[in-house]
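Notes for the one structure printed next.
Because the structure is predicted, anything quoted here is derived from the model rather than measured. Counting starts at 1 for both ligands and their atoms, following the listed order.
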Amino acid sequence: MSDNVVEIFEDKCIECGLCVQACPADALDLEGGPVQVDADKCAANGECVEVCPTEALALDTEEDVDDKTKETKEKEELPPELQQYKGVWVFIEQVQNEVAPVSWELLGEGKKIANDLDIELSGIVLGFDAHDIAHEAISYGAEKVYLIDDPVVKNYRTRPYTEALVKLVNKYKPEIILLGATTLGRDLAGAVATELETGLTADCTILEVDHATRHLQQTRPAFGGNIMATILCKKHRPQMATVRPRVMEMPKQDRSKSGEVIEEEVHFDENNIKTEVLKIIEETKKAIYLDKADIIVAGGRGVGDKEGFELIKELADVLGGTVGASRAAVDAGWIPVEHQVGQTGTTVRPKLYIAAGISGAIQHLVGMERSDTIVAINNDSDASIFDVATYGIKGDLFEVLPPLIEEFKKELAVNS
Ligand SMILES: Cc1cc2nc3c(=O)[nH]c(=O)nc-3n(C[C@H](O)[C@H](O)[C@H](O)COP(=O)(O)OP(=O)(O)OC[C@H]3O[C@@H](n4cnc5c(N)ncnc54)[C@H](O)[C@@H]3O)c2cc1C
């Protein structure tokens, strides 16, 4: 029997035709007698074998299958020079020596991966006067920190950051590099992966490892959130991923932890760097930073219209929080898309999430269910939002919200 062809026992065939219907490759034919297989088309995927009522079809023997698995494994095996790549690296993102919290979240996640693969977790710090950041990275779980402390990398610029990271990677050969899926992280990761000629998955929301192959399983929403794609980088190293902020858990900081800071030098040539940072403009208060908010008051279709959102805004203001929304409310044009929480919006993890008039569709839940405390207000007691709520209020939001706002005003003495 040749490889990739299903075996047929003609004497058992009752010519029922079920296998012909089941074959996705159109490789089987019943014309003029027992079933026949077209060897060029057959992929031996076994669907015909499963439906055959008389066991007239069979797949390769176990021995053949084992040989094939071995062959596939051999094909999948990394070239020897790439097998030396070891360690999980997390890029510690800083702007004006303030670290993006996603970097610490990634150290927490990186630790799990490093433990799974029995390898070391390291942080990468690029900046100026950044020794404190290196030590902070250790307190969040890095065993080693590679530090480039140089005025040239004080502020982010794609060219010198890429040059520095590529140099470190080529010297120390990490197996996995994680960066936050921030504006900076996305810019840098793309440039570094291109230079290293390796694979990068952007905007991941789930990371897992396959122990047998050591592949990082990088899962991210794709096609506008319609599918979750799990992507592997089988033939290249390092495996690179950017990860959405607030998806991974923040690890506990332990300042008593010790680790090694390895200072490296890169001889940058300013003449080769085409960009110059003239000014860094502070975030304006008006901007929406849902992923950083501690308190979010979100409204959905139940809010009814644009005016209804004034009530949501009022409660958010009283609590010093930010306004969130479901996609239904955004699609209806009641609130801009920057406020959207969920699979195709922002993932949030506030201390308090108040959901008013939101049913709790899965695409909304995945963006907020990790909030510390969830309060749901809905007039339908069967709404799925109550399944994830810490506290639920069944009622009309137009009746529930005004007294709530008044009570909070009194309690917090805000806006009074
Ligand atoms: C690919 C894809 C991606 C998506 N991405 C997102 C996403 O990122 N974020 C997102 O939110 N959705 C997303 N969706 C849409 C999602 O499936 C839901 O359609 C959406 O979340 C529903 O929003 P909603 O809960 O506001 O509206 P509905 O499901 O219509 O729920 C309204 C709720 O309000 C309640 N209600 C009505 N009136 C009142 C009242 N007076 N007082 C109290 N309660 C009241 C109702 O009982 C109901 O439970 C996505 C969908 C797809 C297919």
Side-chain angles (χ1 to χ4, degrees), residues 181 202-206 219-231 242-248 288-293 295-316 319 321-350 352-371 374-408:
D203 208 19
C204 294
T205 53
I206 304 168
T219 302
R220 55 153 299 167
F223 295 109
N226 285 305
I227 60 158
M228 294 298 280
T230 299
I231 298 163
T242 64
V243 179
R244 269 198 199 189
R246 295 267 170 154
V247 171
M248 305 303 177
I288 309 300
Y289 292 103
L290 268 182
D291 59 336
K292 293 188 187 132
I295 297 176
I296 295 174
V297 184
R301 207 195 306 266
V303 168
D305 52 24
K306 224 176 199 164
E307 285 68 50
F309 259 91
E310 291 305 318
L311 210 52
I312 302 289
K313 277 184 196 149
E314 201 179 339
L315 180 56
L319 295 174
T322 305
V323 173
S326 72
R327 180 154 137 182
V330 170
D331 286 351
W334 303 337
I335 184 114
V337 68
E338 300 82 64
H339 294 266
Q340 187 182 314
V341 172
Q343 188 174 311
T344 40
T346 305
T347 305
V348 301
R349 208 172 184 151
L352 173 64
Y353 190 89
I354 301 180
I358 294 177
S359 61
I362 184 66
Q363 294 91 350
H364 188 81
L365 296 185
V366 293
M368 46 64 75
E369 65 192 345
R370 291 185 177 114
S371 306
I374 297 171
V375 178
I377 304 163
N378 200 301
N379 59 11
D380 173 7
S381 51
D382 289 332
S384 319
I385 192 78
F386 287 126
D387 297 342
V388 299
T390 326
Y391 303 102
I393 304 173
K394 192 206 160 212
D396 184 333
L397 68 94
F398 296 101
E399 286 169 18
V400 175
L401 286 181
L404 216 53
I405 291 168
E406 284 319 305
E407 284 306 310
F408 275 126

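Closest to atom 48 (C) of ligand 1 by heavy atom, among Asn378, Val337, Val400, is Asn378. One option in Gly367, Gly357, Ala325 has a heavy atom closer to atom 32 (C) of ligand 1 than any other, and that option is Gly357. Nearest to atom 30 (O) of ligand 1 by heavy-atom distance, out of Gln340, Arg301, Gln363, Arg327, is Arg301. Among Thr346, Asn379, Thr347, the residue whose heavy atom lies nearest to atom 44 (N) of ligand 1 is Asn379.
Between Thr347 and the choices Arg370, Arg246, Glu369, Arg244, the side-chain hydrogen bond (donor to acceptor under 3.5 Å, both in side chains) rule is met once, by Arg244.
In Val341, the part holding a heavy atom less than 4.0 Å from any atom of ligand 1 is the backbone. Residue Ala361 touches ligand 1 through its side chain alone, judged by heavy-atom distances below 4.0 Å.
Interface of Asp396 with ligand 1, defined as ligand atoms under 4.0 Å from a residue heavy atom, comprises 40 (C), 41 (N), 42 (N). The ligand atoms of ligand 1 that sit less than 4.0 angstrom from a heavy atom of Gln343 are 7 (C), 8 (O). Atoms of ligand 1 found under 4.0 Å from any heavy atom of Gly300, numbered from 1 in the order shown, are 26 (O). Using a 4.0 Å cut-off to heavy atoms of Gly395, the atoms of ligand 1 that qualify are 42 (N), 43 (C). Taking every heavy atom of Asp380 and a limit of under 4.0 angstrom, the matching atoms of ligand 1 come to 47 (O). Interface atoms of ligand 1 facing Ser326, defined by a heavy-atom separation under 4.0 Å, are 11 (O), 23 (O), 24 (P), 26 (O). Near Thr344, the atoms of ligand 1 lying under 4.0 angstrom from a non-hydrogen atom of the residue are 3 (C), 4 (C), 5 (N), 6 (C), 7 (C), 8 (O). Each of the atoms 8 (O) of ligand 1 lies under 4.0 Å from some heavy atom of Gly345.
For the pair Ile335 and Val303, the minimum side-chain heavy-atom distance is 4.5 Å or more. Side-chain contact between Ile385 and Met368 is present, with heavy atoms from C-beta onward closer than 4.5 Å. Between Ile206 and Thr230 there is no side-chain heavy-atom pair separated by less than 4.5 Å.
Panel note: side chain Ser384, backbone Ala361; no donor-acceptor pair is recorded below 3.5 Å. Checking side-chain atoms of Ser359 against main-chain N and O of Ala383 turns up no donor-acceptor pair under 3.5 Å. Checking side-chain atoms of Arg349 against main-chain N and O of Asp291 turns up no donor-acceptor pair under 3.5 Å. At distances below 3.5 Å, not a single donor-acceptor pair connects side-chain atoms of His364 with backbone N or O atoms of Ser326.
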Residue pair Ile312, Leu401: steps toward the side-chain contact (heavy atoms from CB on, under 4.5 Å) verdict: CA-CA 8 Å; Ile312 302 289; Leu401 286 181; 4.0 Å; yes
